[in-house]
Amino acid sequence: MESEELFQYIASLEAAARPSEKPSDLPTIEVPPEHFLSLMQQLREDPRLYFNMLQVHTAVDWVKKGIFELLYQLYSTKDRQSLRVLVELPRENPVIASVCSIWRIAEWQEREVYDFFGVLYEGHPDLRRLFLEDDWKGFPMRKDYEDDFMLEPGQ
Amino acid sequence: MNVHVSTLDEKTRSSLAIESHSETEEYFINMGPQHPSTHGVLRLILKLDGETVREVIPVLGYIHRSIEKISEYSTYRQIVHLTDRMDYLSAIMNNWAVARTVEKAAEIETNERIESIRTIVSELERIHSHQLGWGVLGMDMGAFTPFLYGFRDREMITDILEETIGARLTMNYIQPGGVMFDIHPDFVRKVKEYLAYFKPKLDEYEDLLSGNPILQQRLRNVGIMDAETALSMGATGPVLRASRVPYDLRKIEPYGMYGEVEFRVAIGTAGDCWDRYYVRIEEMRQSMRIIEQLIDNIPEGKFLLKKPAAKLTIPEGRHYSQIETARGVLGFYIVSEGKETPYRAYFRTPNFHNLWSLTAMAPGGRVGDLVAIISSLDLVIPDIDR
Amino acid sequence: MDMLDFFPSSILQAADTSWQTVTIAQRASSAFRDHDLSGTIGYLLLGLLFTAGLLTVLGLVLIYAERKLAGHFQCRLGPMRVGWHGILQSAADGLKLLLKEDIVPENADKLLHLGAPVLSLMATVLTLAILPLSPTLQVVDLNIGVIYVTAVTSLGVLAILIAGWSSNNKWSLLGAMRAGAQIISYELSATLSLLVMVLLSGSLQLSEIIQSQSDGWWIWKSHLVGVIAFVTFLISTTAELNRTPFDLPEGESELTGGFHTEYSGLRFAFFFLAEFVNMFVASALIVTLFFGGWMPFYIGGWDGFNSIMGLIPPGIWFAGKSAFFIFLLMWFRWTFPRLRIDQLMSLEWKILLPVGFINIFLAALIVLFEWHF
Amino acid sequence: MGLITEKLPKMMAGMPGSDIIFTRMDAVINWARANSLWPLTFGTSCCAIEMMMAPGASRHDLARFGAEVARPSPRQADMLILAGTIVKRMAPRLRTLYEQMPEPRYVIATGACTISGGPFIYHSYSTVRGADTIIPVDVYVPGCPPRPEGLLYGLLTLQKMIRSGETVREPGIRHKPVTSETPEGITIEDIKSEMLALLEKDAVVDVRKAAEQMERPTGI
């Protein structure tokens, strides 16, 4: 499917999803957090789309805008089609529905994002730190993370 | 909204509280971080019932070096050398992932000479990575000798690469806009000599290990994963291909010279450890085929289009591209603000995504099966932890 | 006191075809009957020294051989720097292990933890005592030799179980449990093979089993029965020795170190030594039962050939034959992968044991109707 | 075992001729220890491959020095070859491993990461900057990763150190770091020019010019 066609089809499934205007090198849609889970469910199960791989899930901390931008990059082995889904969350209370039940790999990708950014996933069966110790203070990939241990060149 | 964040302690407690149908007492045992068959510092907490594995809880982070954080402070050329240290067995291919993303984003055109060299060295590296995987699998299965045979043949490839690149393991060779050095005058001759040497050796490998009935018993019908699970688990590379999914980026979205050479994608039928093992053996053959087609006609041209000192920026936006490394898909995702350093750099590493299929495959098997499964996944732990 | 002409006489006897066995214990008791007190004590001491010396020498030589052989199997050289071609390597290792700090884990069962390696080595030393190395080189020749060997080697598994239990380490315990299950299972088919040879030779005494082969080794003259018994025995002893492909109790890639994970220094050396000397014991038993012990290799009718073979002293014959089987065991170790625990068990209970039972029945028929040559 | 190495020398301290006995004994003991260094199978990242290359590959073969018996259990190991980065989470485990090893124990730190933190010094929130902040290190082998020959040289240095340095009466000498020195009469410049001459032999570009022009990399 061409990206225009894809966007139109997705919009017919879930009205809240709209093509993103952010600069991006893949077909990208944006969706508000409240419609997120139902959209993802349909992207996975709709026979015309059938995105069966969740290739990338990560987050970006836009500290100046006060948001976390979550990225879900999907791939369909049927059509060899990629789609990027962006979700924006407020930095103060970053909570979003978990997609573990749709793609199993999400369980660990979401744990990684929680570990680095502190994004909370609702409905995650086992949300805990992945790389760092359980008692680690703060979320290191946030732009305002401070740690006495970190060194700048020349220090 | 209230989301509960648990801890490792809580996880193990709740896992133990699950009522078992077994009449014997289940217990936890700690495998790693220092254990000979976890290939590094992977830690697995196993819930065992006698010898039978009931649950596997991987615990990561024993080699988490915060490469993504460092990348945010590094220029794109500096990121290339960090990628060497992630999956050190396919260092060149990791370099290529960064180079490809940056080239695509900054619209740098490369020439055919560069792409040929990149393809040849990548395939050489894929061979030596699979050689090591073959040997380590043998060692994990209790046969120590294949390990050293694999190393012996790997060493010869390292020598060839060292002449051109100057390093043995952390290559830092493929750069945005070319390769660091031109190929050594002896490169073509030595690669041909090596291929002539290694082809019969591969048959010897098969005689030594593949033909062994004990090994076949250990690997066949162990750790079966169907295609649906493998895709849902996000597995890629030989692990996914062994489950009958012909997903190989070299064929699907050809990069480098892969579009112009003939080769076949090896896929398995059952998705068990044996298929994962044999897919790698077959990939070595296909890699040799690719090199043979390219080695004689490397076109003339420049090998480095952008000087290492030149400033390199990427236009604002989100950029992603991926490479098929020896273990699967390595994707590099950049969020750029138009500066020399990325705003956010994320590595979609193959091993991180391959590891978790372990939690689906291991329960129900023996401890020996678990070792076979870990071995057949061919994990490199620093690539998981980054 | 004929201690001095003890070795020369054994060499001279080699030329004869009839063999007279005299053990060290017999010499001691005859000296005692002659009221020769110094001779009695001398022979007893000789027996002790001989066993201890054999243990040490075997340990040093076999460990060196294994490392050297492994090296050459793997296109390497093995130890090279300590002495000529690394010949002093085992000595250096031994001395180092002797001087290592001895750690007993805090939560271990201290007494059992200390006792297990001693028990393990003891089982080995006890079997060394009855091995007929040559007609005159045997410490004791028990008339129930075969039963004694079976009984004493089973002590080894006890040592392993104790070691695994007392270490208070789950990996050790897992290794010990594997060892227990494995060794006790394979003991069955090993014993069945032993019984076949007892049936054929009509004696439980090791020296008499060898004597019964003076007109041909059992591997030739017992039809297929002996060959089957030999193969079964070879497989089951490899399993009892915990060597690849049956090295599950200490499989490095699975259980880190198996039952000896928590042992360090000298106590670890005891296990190490026992393992290697057990390898010699197993080979010696194979040689004694199936390959004529210290008998030279004769071919009927070739008198010239036979007389040349007869010139080689029996001790050398025994050592040579054992060395071959030790080499075979080492070859296995550096070639085969390891079995899984359930495959190991089904190999024993579903294949080896039924074959063993059928074999012993056939052997009984052969002996009953005197079909063997 | 404490008896021979600690108690016996104290008991015999006043006896005539004890000096000679213990000097000979030291030599023998140190010979045994130096020639039987069993490493622990421990590797965290990239350097582990080169470390396996050293005992493993037939070309380098650590077995020649009697050091190929890699023990998976720290209780039986004499030498800890630190191969690869140590991060904060691994640090306590490394300390435990070291403490589980019986005396006398030796540590070789290979690679930039275990010496100083290597490429992960700056901006890293988790990398430990040098393993010697956690456990005492005897020999440092630089490189990223060091070549197998480098590790062999490190091992030989350790052997030399054991043979000369540690004595029964003076334990504790060995935790002083040992560094390789340039032989007398040879300067760094000589080594540099010799290496350049080697490179020049079959180089395609002008090596000397390149060496002069080469700038230090910017940034971290």
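None of the values given here were measured: they were computed from a predicted structure.
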Supply the atom-to-atom distance [X] [atom1] to [Y] [atom2], rounded to the nearest 0.5 angstrom.
X: C:R340; Y: B:R218; atom1: CZ; atom2: CZ; result: 7.0 Å
X: C:L339; Y: B:M141; atom1: CG; atom2: CE; result: 11.5 Å
X: B:E51; Y: C:D342; atom1: CD; atom2: CG; result: 8.5 Å
X: B:M139; Y: C:R338; atom1: CE; atom2: CZ; result: 10.0 Å
X: C:I341; Y: B:T52; atom1: CD1; atom2: OG1; result: 10.5 Å

>> Tell me if the CZ atom of C:F327 is crowded by more than 12 foreign heavy atoms within 6.0 Å.
In response: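 Above 12, so yes.
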>> Surrounding CH2 of C:W165 (heavy atoms of other residues, nucleotides or ligands, distance under 6.0 Å), is the total greater than 12?
In response: no
>> So does C:W334 get a backbone contact from the side chain of B:T145, meaning a donor-acceptor N/O pair under 3.5 Å?
In response: yes
> Does the side chain to side chain contact (heavy atoms under 4.5 Å, CB included) test come out yes or no for C:L173 and B:Y27, once each step is laid out?
Replying inline: CA-CA 12 Å; C:L173 189 62; B:Y27 60 101; over 6 Å; no
Heavy-atom distance under 4.5 Å to chain C: side chain of [X], backbone, both or neither?
X: B:Q217; value: both
X: B:N30; value: backbone
X: B:F144; value: both
X: B:V222; value: side chain

> Given the options B:L370, B:N212, B:L215, B:V367, which has more heavy-atom pairs under 4.5 Å with chain C than any of the others?
Replying inline: B:N212
>> Is any side-chain heavy atom of B:R152 closer than 4.5 Å to one of C:Q74?
In response: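 The answer is no; the side chains never approach within 4.5 Å.
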